[in-house]
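Structure first, then comments.
Nothing fancy with the numbering, it's 1 onward along the sequence.
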Amino acid sequence: MSLTSALSIAQSALFNTSRQTSVVSRNISDASNPDYARRTSIYSSTNGGARISEIRRATNEALFRQNLTALSGWQAQASMSGGLDTLQLRVNGPDNATSPAAKLGVLQEALQTFAATPSNVTLGENAVEAARGLVRSLNNGTQAIQSYRAELDAEIKVSVDDLNRLLAEFETVNKEVVKGTRAGSDISDAMDARDSLLKKISQYVPVSTVNRPDNDMMVLTADGATLFETIARPVTFTANTTYTAAMTGNAIYVDGVPLAAGTGGNTTAMGSLAAKLQMRDVVAPQMQRQLDETARGLIEAFAETDSSGANPLAGLFTWPGGPALPTSGTLVEGLAGRITVNAAVDSEKGGDPKLLRDGGINGAAYVKNTSGAASYSSTLIAYTQKLDEPIAFDPAAGIASPRSLTGYTADSIGWLEALRQDAARGAEAKEALSVRTATALSNEIGVNMDEEMALLLELEHSYEASARLMSVVDEMLATLMSIAR
């Protein structure tokens, strides 16, 4: 080997070591960045030894896709679980203390106490106050559900705007990737940025990707709607500021295709948007129907009949369609928000609580205590018994019928609690899957500090060896020059 060749090899080794050291240093500095993929120097042989021909970015397409799917599932489940907890607290309160079931229990107890001492007018007033509390529970529950639906719309609008922003950023970064690929320049940073954006997008909607020439990428939803193809496709949504029980929310459109809501407590939704649609359009309306059926059941249970036992009319509880009763077993949407205590027995409205004991809320033909006896309790006892008798409920509310009113309200709580438990279990499992796939991906393409530090030590030794070689060559050249003189 000539001295010139040795010098060339030493110079090449120093250059390669310097460049590889830069790569390793970058890996170490970004080791804590979850969106950074490890860089590796790739060598190729040359006449003068070897040179770094490429800085390769670590990838694992299969694991990355699995991680995107797991992220979508976890975000959907987290939205579902949090939404159910919010709904439970707002409608039923801590430990279900403000639920219709709890308030119905208070009313039943007050009626029993009044029936035991029917001459005590104060106990009659207590029973009417318990009825007011039950009505407030239904009215407030309706308001809470519809307010929550409007809040979900506001959250969806914010998420849709953010999703459109992310897609616009994706368009910019994808152009950088394609341009860099065609120019043969390093696109590692742009690829990191693009993958990071895909992770963020997948939290809103499930994504699948199609790789095309020049590292161009097409992004679709799991249902096949196009999110990005050369340019970002629009995601549109119009929010409602208020809701009523009969209102249907607006759809989210991805490139003109409506996004489908999920189903079940352990939701089938992927991405937070589909889960929020499920809460707004499936879960909350179902809970509203159960409140409405509870209200209808109350009006039916406390209806008055005339002296012949016929011609039932609304009694303790009434509604805007009163004094006629709602159709038995048929849902009246929004009824829970409109039910009231009958003014005839409400002392706050000039009524007489004794009519609850004696009958006659709908006039003289409906009086049961015709003798006016202060000890009369038959009507009160009949009311308490009616609460435990099976009646027909609309199956659209999602609870099997027939049921007693007390059983129905308890089943309504059970329905929500079962959903919450399913959602909580699903959230735990899907979070674990998300963490596992992220860890597996990180192990495959992330930076291992121990490996990088060991490599850095090897590079230091290589640099020292190359420097020594250059020093020896330099001494030999100096010796030759001195001999030549």
Side-chain angles (χ1 to χ4, degrees), residues 91 100 103-104 107 127-128 130-147 149 242-248 284-353 355-356 359-368 379 382-383 386-387 389-399 401-406 408-409 412:
V91 177
K103 297 302 180 182
L104 182 60
L107 174 59
V128 173
R132 293 191 199 104
L134 178 51
V135 164
R136 282 193 296 269
S137 175
L138 292 167
N139 294 165
N140 293 342
T142 295
Q143 183 179 0
I145 289 172
Q146 303 312 323
S147 295
R149 295 179 74 197
T242 59
Y243 269 88
T244 62
M247 275 184 66
T248 301
Q286 191 76 318
M287 196 168 185
Q288 179 65 61
R289 294 185 195 105
Q290 291 171 12
L291 293 183
D292 292 339
E293 278 295 87
T294 297
R296 189 189 57 75
L298 281 170
I299 294 171
E300 183 175 326
F302 286 88
E304 279 194 323
T305 56
D306 60 21
S307 56
S308 67
N311 303 314
L313 295 175
L316 175 60
F317 299 100
T318 190
W319 63 303
L325 300 181
T327 303
S328 181
T330 304
L331 176 71
V332 179
E333 289 186 309
L335 181 58
R338 294 177 288 160
I339 189 173
T340 60
V341 173
N342 202 312
V345 297
D346 191 346
S347 59
E348 292 181 355
K349 299 177 182 178
D352 183 1
L355 294 180
L356 182 60
I361 295 172
N362 290 285
Y366 288 80
V367 173
K368 294 294 191 296
T379 302
Y383 284 147
K386 189 72 173 177
L387 295 177
E389 294 176 3
I391 58 176
F393 289 97
D394 196 318
I399 296 177
S401 177
R403 281 280 192 281
S404 68
L405 193 56
T406 53
Y408 189 86
T409 55
S412 180

Is any side-chain heavy atom of [X] closer than 4.5 Å to a side-chain heavy atom of [Y]?
X: Leu405; Y: Lys386; answer: no
X: Thr340; Y: Thr318; answer: yes
X: Ser347; Y: Val128; answer: no
X: Gln146; Y: Gln288; answer: yes
X: Leu104; Y: Thr294; answer: no

Should the pair Phe317 and Phe302 be assigned to parallel (<30°), tilted (30 to 60°) or perpendicular (>60°) ring geometry?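 Judged by the thresholds at 30° and 60°, the geometry between Phe317 and Phe302 is perpendicular.
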Between Thr305 and Lys368, is the side chain to side chain contact (heavy atoms under 4.5 Å, CB included) condition met? List the steps. CA-CA 9 Å; Thr305 56; Lys368 294 294 191 296; 3.6 Å; yes
To the nearest 0.5 Å, tell me how far [X] [atom1] sits from [Y] [atom2].
X: Leu313; Y: Asn362; atom1: CG; atom2: CG; value: 4.5 Å
X: Ile339; Y: Leu298; atom1: CD1; atom2: CG; value: 5.0 Å
X: Trp319; Y: Asn342; atom1: CH2; atom2: CG; value: 14.0 Å
X: Ile399; Y: Glu293; atom1: CD1; atom2: CD; value: 9.5 Å
X: Arg338; Y: Asp292; atom1: CZ; atom2: CG; value: 8.0 Å
X: Arg149; Y: Met287; atom1: CZ; atom2: CE; value: 13.5 Å

Taking all atoms of both residues into account, what is the closest heavy-atom pair of [X] and [Y], and its distance?
X: Ala301; Y: Leu387; result: CB-CD2, 4.3 Å
X: Ala127; Y: Leu356; result: CB-CD2, 4.0 Å
X: Gly360; Y: Glu304; result: N-OE2, 2.8 Å
X: Pro100; Y: Leu291; result: CG-CD2, 3.6 Å
X: Ser401; Y: Phe393; result: OG-N, 2.7 Å
X: Leu325; Y: Ala314; result: CD2-N, 3.5 Å

So, Ser412 side chain and Tyr408 main chain: donor-acceptor pair closer than 3.5 Å or not?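 The answer is no, because no donor-acceptor pair under 3.5 Å joins these two groups.
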Quick check: does any side chain N or O of Asn139 sit under 3.5 Å from a backbone N or O of Ala336, one acting as donor and the other as acceptor?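 Yes; judged by distance alone, with no hydrogens or angles, the pair exists.
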Salt bridge between Asp346 and Arg132, side-chain N to carboxylate O under 4.0 Å?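 A salt bridge links Asp346 with Arg132.
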Within a radius of less than 6.0 Å around CD of Gln143, do more than 12 heavy atoms belonging to other residues, nucleotides or ligands occur?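 No, the 6.0 Å shell around CD holds no more than 12 heavy atoms from other groups.
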